[in-house]
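Written below as structure tokens is the structure these notes are about.
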Amino acid sequence: MNIFINYKVKLVDFFKLLEKDKIIKLPEKFDNFSVEIPKIKTHGDLSTNAPMIFAKVNNLSPVDLAAIIKKELDNKFDEIIKIEVAKPGFLNFFFNKDFWYDFLKATDINFGKSDNLVPKKILIEYVSANPTGPLHVGHCRGAVFGDILANLLSFVGNKVVKEYYINDYGNQINQFVKSVYFRILEINNKVLFPVDQDLYPGEYVIDIAKNILKKNNLNISDNYDLIFNDLKKICIEESMDLIKSDLKNLGIIHNNFVSENYIVSQNLVEKALDILKKKNYVYEGILERPKGNEVDDWEPRKQILFQSTKFGDDSDRALKKSDGTWTYFANDVAYHLNKIDRKFDLLINVLGADHAGYLKRQTSCVSALSENKQQMISKVCQLVKLFKSGNQLKMSKRAGDFITASDLINEVGKDSVRFMMIYRSNDSQLDFDFDLVTDHSKENPVFYVQYAHARICSLFRKTKYEINNEKKINLSFLNHEIEIDIIKKIAEWPKCLELSAYHLEPHRVPFYLYELASLFHTYWNTGNENDNLKILNENHPEIQEARLFLIKKIQLVIKSVLDILNVTAPAEM
RNA sequence: GCGCCCGUAGUUCAAUUGGAUAGAAUGCCAGACUACGAAUCUGGAGGUUGGAAGUUCGACUCUUUCCGGGCGCACCA
């Protein structure tokens, strides 16, 4: 039930009739006119800018054309009690209340889901943090963003696969394994942990070392090379356990975990390289020294390069390191070939701000591999700044004392982390305020929306009444302004969903929820000022019935929004 | 030097992707409970949307250019 789409279809049909009768002309593409609830009430219940879109081909001013359409439209539809032509060329429709009552009755458990959407197969890759330790706060944002985006896309009817790419190949992992090894030696043989910039000094490395010793599933030997492979495997498992536990605490469960090692071991890199070679996108050459950025130990190097500049990248990119192993990028090319082979309609990558520079080469390789056929969109999440008591907290991983995701989740709770992380556009930097989020008041938007849900539940606890036959309810008792406003806000939910899903902008969802909750709180308080406006009204069962029906629908929407956010909808607080 | 992101009320951010009078929250000021849960609500003040030019019926939104902030810039992942 989407009144905007329904009404648009209705208008399109009507415009076609007018064209047939030679009353107006329609442009080639004419379905891009808007149908929306105006921000200002004096502009009516629903408005369209169609006259402005059609004005040119009709050689008329938008206002004149609007007047012509208005004349034809007058008295054609039952629900319209008035049509106004407004300044630049809008048509504003004023409906009788039955229009809104009928709409409200038509909402059901599937409300908000698109019934005319062609389902897409979508792969969304997010988090993909290196398995060298627990998640930090920066990861949380991308994690929550990707997860809610996935929920959103699947709610509207798509088939969504959530994937995590494990970067378990290359030097960083080796350094990490070495760090764990030194920690083990430290515990067993009291050998001091070496000072080395490349190693991971963090406390959690000690925990992992202890864990490994406790499980006793490894023969610790002085010969590092001998145990390296086994130790590496165990270290990655330990790290992934940490990460998965953090993710679980955030309410995130991926469908797939794809390992970089696996990609390499299946010779997918060679396969991808062959494809690129056949298309002549690979050559041997020397990259120029980067300008402006001082690199001390720069030296010319002959390497296998990919012509990403052909696809809009700033520079061609190396595929092989001088030691003969693949670069991270080469493996990523292979991984994306693997993604392409799995035949998705859309690939979505969620990246952190520090990887934004990587985006162009990624899209370049997908374009090259798929002949521009594979659709892929990357979403970049900007940085998160943590504030506590007005001070910004530093998050330095090097120092080893960085604030982990689990610190954050333990302190403020999953619901608040999820809500606040998605409450801003991913393109903007985010200030995360500990004090605000632990505060149980109006200032905290999470509690504000949850409180609305709890209040509704409390009403249904209080009354013995149950809605039996929805069709028989007389909604004309909902004639207060706030009640109509709420119905209109409910009507906007499918539109919010549609926009959020289409533009991959999930931050709209909590904003919408806040607005709906706010209207409900207003509604509630009108009953504080005037007893006749209380929702529960035993003396007038029919009025009470209509009002309970309305808040039941509010509850339905709040619940389904919170489900998408994966934030709990409490019955009591 | 190059690339990406951002610049909107004192502050943190929205704005149905080019629509009408730019909205919330917070902070400030003034109010509402012997309670359908005040963890709430009502009202007020607060803006040349960083500056300039351009595109058109119409610009916070698109283009160009400058100014400011963030992130990243040969084999790391």
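Labels below follow one simple rule: chain letters A, B, ... track the order of the sequence lines, proteins then strands, and each chain is numbered from 1. Predicted model only: the values in this text are computed from it and were never measured.
Contact annotation: side chain of A:D431 to base of B:U12, donor-acceptor pair absent below 3.5 Å. Looking at A:S47, its side chain comes within 3.5 Å of the base of B:A20 through a donor and an acceptor atom. At a cut-off of 3.5 angstrom, the base of B:A20 holds at least one donor-acceptor pair with the side chain of A:N92. Judged by distance alone with a 3.5 Å cut-off, a donor-acceptor contact links the side chain of A:N49 to the base of B:G19.
Between B:G72 and B:A9, the distance separating the two P atoms is 27 Å to the nearest Å. Between B:G50 and B:A59, the distance separating the two P atoms is 15 Å to the nearest Å. For the C1' atoms, the distance from B:U63 to B:G70 is 24 Å, rounded to whole Å. To the nearest whole angstrom, the two P atoms, one in B:C62 and one in B:G18, are 8 Å apart. The separation of B:U16 from B:A77, taken at their P atoms, amounts to 41 Å, rounded to a whole angstrom. Distance noted for atom C1' between B:A39 and B:C5: 37 Å (whole Å). Of the P atoms belonging to B:A35 and B:C29, the separation is 29 Å, rounded to the nearest Å.
Among the heavy atoms of the strands lying under 4.0 Å from A:G527 is at least one base atom, whether or not backbone atoms are also near. In this structure, A:K360 reaches the sugar-phosphate backbone alone: every heavy-atom distance under 4.0 Å involves primed, P, OP1 or OP2 atoms, never a base. Heavy atoms of A:H521 sit under 4.0 angstrom from primed sugar atoms or phosphate atoms, though from no base atom. A:L383 comes within 4.0 angstrom of the backbone, heavy atoms only, and of no base.
Closest to the A:T42 side chain, of the nucleotides B:U21, B:G37, B:G70, is B:U21. Checked against B:G70, B:A15, B:G3, the side chain of A:Q382 finds its nearest nucleotide in B:G70.
Contact check, A:T522 against B:U42: a side-chain N or O comes under 4.0 Å of OP1 or OP2. Within the structure, a side-chain polar atom (N or O) of A:K87 is placed less than 4.0 Å from OP1 or OP2 of B:U21. A:H453 has no side-chain polar atom (N or O) that falls below the 4.0 Å cut-off from OP1 or OP2 of B:A39. OP1 and OP2 of B:U12 both lie 4.0 Å or more from every side-chain N or O belonging to A:R424. Regarding contacts with the backbone of B:C36, a side-chain N or O of A:N528 is found under 4.0 angstrom from either OP1 or OP2. Phosphate proximity of B:A20 to A:K39: present, with a side-chain N or O under 4.0 Å from OP1 or OP2.
Ring geometry for A:Y335 versus A:Y165: interplanar angle under 30°, hence parallel rather than tilted (30 to 60°).
With centroids closer than 5.5 Å and planes inclined by less than 30 degrees as the test, A:H355 and the base of B:A77 pass as a stacked pair. Judged by ring centres under 5.5 Å apart and planes tilted less than 30 degrees, A:F90 stacks against the six-membered base ring of B:A20.
With rounding to the nearest 0.5 angstrom, the OG1 atom of A:T48 is 6.5 Å from the CZ atom of A:F93.
Taking for each of A:N167 and A:S428 the nucleotide of RNA chain B with the nearest heavy atom, the 5'-most of the two is the partner of A:S428. Mapping A:Q172 and A:A517 onto RNA chain B by nearest heavy atom places A:A517 at the nucleotide closer to the 5' end.
When ring centroids are compared, A:F511 and A:Y423 come within the 6.0 Å threshold.
Between the A:K70 side chain and the A:I83 main chain, a donor and an acceptor come within less than 3.5 Å of each other.
Taking the centre and axis of the six-membered ring of A:W326, the NZ or CZ atom of A:K320 falls inside the cone set by 45° and 6.0 Å.
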Intermediate values then yes/no, side-chain contact (heavy atoms from CB on, under 4.5 Å), A:E36 and A:S47: CA-CA 6 Å; A:E36 58 194 37; A:S47 87; 4.2 Å; yes
